[in-house]
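Basis for what follows: all heavy atoms, side chains included, without hydrogens, waters or symmetry-related copies. All chains are named by letter (A, B, ...) in the order of the sequence lines, taking the proteins before the strands, and each is independently numbered beginning at 1. Model, not experiment: these values are computed from the prediction.
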Amino acid sequence: MGVRYNAPMTSSPPRSQSNAVLALLAFAALSAGLLFAVWKTEQRPDIPGLLWPDPPMIGSFSLTDADGKAYTEAQLRGHWTFLFFGFTHCPDVCPGTLAVLKQVTGRLQDHPAFRAQGQVLFVSVDPARDTPAMLGPYVRYFDPGFKAATASEDALSGLTRQLGVIYAKVPGSGEDYTMDHSASIFIVDPQLRVLSAIGLPHDAALIAARFRAIAAFVASGS
Amino acid sequence: MSARLLSTRWRARAWLTLAGGLLAMPAGACEGLEITGAWIREPPPGTGAVAAYMRLHNAGTRPLAIEAISSPAFAMGMLHETVSDGDRVQMKHVASLRLPAGKTLELAPGGLHAMLMRPTGAPPRAGDTLPVELHCADHSLLIQVPVSRNPP
């Protein structure tokens, strides 16, 4: 018993040493991984709904705005944007959310970064009925400064796919149809990072508070 | 200031009309149904469909079912419910609103509402008052509902 036990020990010291080295390496790697995970977690501030770390980035897209001009990611760069997708034949959620966004921008008039760089963009996911020209009076009803844009199905999906925004026509009676759609308000920072997606119900005080927290976090050097 | 006075006056008028409607109501017509806080969201330019909101209360002793809500000012009316899972929203058609005795049902933004489509005249503007009809079984109740930009 004793011999059988001792025999391998004496016969293979090199293998035992390499095992120890391997174990040490594994331990070091695990520790490093744990430390990194802790560091990453500490990088994430306690802001509800903040998409961090690794927020989605908005890449290139091309829509047409209410004045018939191209509206691309260039119009988002350098701005803080509240981005909302909807359609004008939507009597409940869309006007409700745009009215809330009007209250949000009102609450943020004392925020220097928002006052200088803030904007609201409404994107119609119903280009069959919402022409760019129709969208202007629609959003300006809520606030003269609100922007609106849309595009053909293909061009539209260039933006919606990046954000995971979904929409689908739902047939009604006759020519009427309604649409299922994403109703989140996206907060996009001046570097085109999507830092939050705020779902229903939309509350102006909560959205303004979240914006302040996120803008402060970004200003702190993130 | 004057806008507030006006809206108060409209509201008062709606209340008077509603009170008149309740008094004039024949026995059995939506018996026990009380409606408060009714309003219609002003449609933004270029749109004609509106959502009507109100609080329904069954003060009677028998259950009520509201089968439809319509308006002579619109070609079409439907009971809808906005259903959301946080991000995705859907409009669901609701066949009828069941209101057991003593219960209250809220038609409010982001939830149940009456959708009125295809205005027969010019789209309504804030400050207007529109007739709205609630249909329960064989009877209906006509109320006057103020149009406003924001919830009252």
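- Taking CE of A:Met179 as the reference point, atom CD of B:Gln90 lies at 12.5 Å (rounded to 0.5 Å).
- With a threshold of 4.5 angstrom between heavy atoms, A:Ile166 approaches chain B through side-chain atoms but not through N, CA, C or O.
- Here the OG1-NZ distance, from A:Thr178 to B:Lys92, works out to 12.0 Å after rounding to the nearest 0.5 Å.
- A 4.5 Å side-chain heavy-atom check between B:Met91 and A:Pro91 finds at least one atom pair inside the cut-off.
- A:Ala183 touches chain B through backbone and side chain together, each having a heavy atom under 4.5 Å away.
- Of the atoms belonging to A:Phe142, heavy atoms from both backbone and side chain fall under 4.5 Å from chain B.
- Taking the side chain as every heavy atom from C-beta outward, A:His89 and B:Thr47 never approach each other to under 4.5 Å.
- When each of B:Pro44, B:Gly110, B:Pro43, B:Ala51 is scored by its heavy-atom pairs under 4.5 Å with chain A, the top score falls to B:Pro44.
- The residue among A:Met134, A:His181, A:Arg140 with the most heavy atom pairs within less than 4.5 Å of chain B is A:His181.
- When each of A:Cys90, A:Gly164, A:Ser182, A:Ala99 is checked for heavy-atom pairs under 4.5 Å with chain B, A:Ser182 comes out on top.
- In this structure, chain A has a heavy atom under 4.5 Å from the side chain of B:Met115, while its backbone stays farther away.
- For B:Val50, the part lying under 4.5 angstrom from a heavy atom of chain A is the backbone only.
- We find the CD-CG distance between A:Gln103 and B:Asn150 to be 6.5 Å, quoted to the nearest 0.5 Å.
- In this structure, the portions of B:Arg88 lying under 4.5 Å from any heavy atom of chain A include both its backbone and its side chain.
- Looking at A:Val93, only its side chain comes within 4.5 Å of chain B, counting heavy atoms on both sides.
- At a 4.5 Å heavy-atom cutoff, B:Asp85 makes no contact with chain A through either its backbone or its side chain.
- Considering every non-hydrogen atom in both A:Tyr141 and B:Pro45, the closest pair reads CB-CD, 3.4 Å.
- Note: B:Arg149 leads B:Arg149, B:His113, B:Glu42, B:His80 in heavy-atom pairs under 4.5 Å with chain A.
- Within the 4.5 angstrom heavy-atom criterion, no atom of A:Pro201 approaches chain B.
- Remark: the backbone N or O of A:Gly199 is not paired with any side-chain donor or acceptor of B:Asp87 at under 3.5 angstrom.
- The environment of CZ in B:Arg125 is crowded: more than 12 heavy-atom neighbours from other residues, nucleotides or ligands sit within 6.0 Å.
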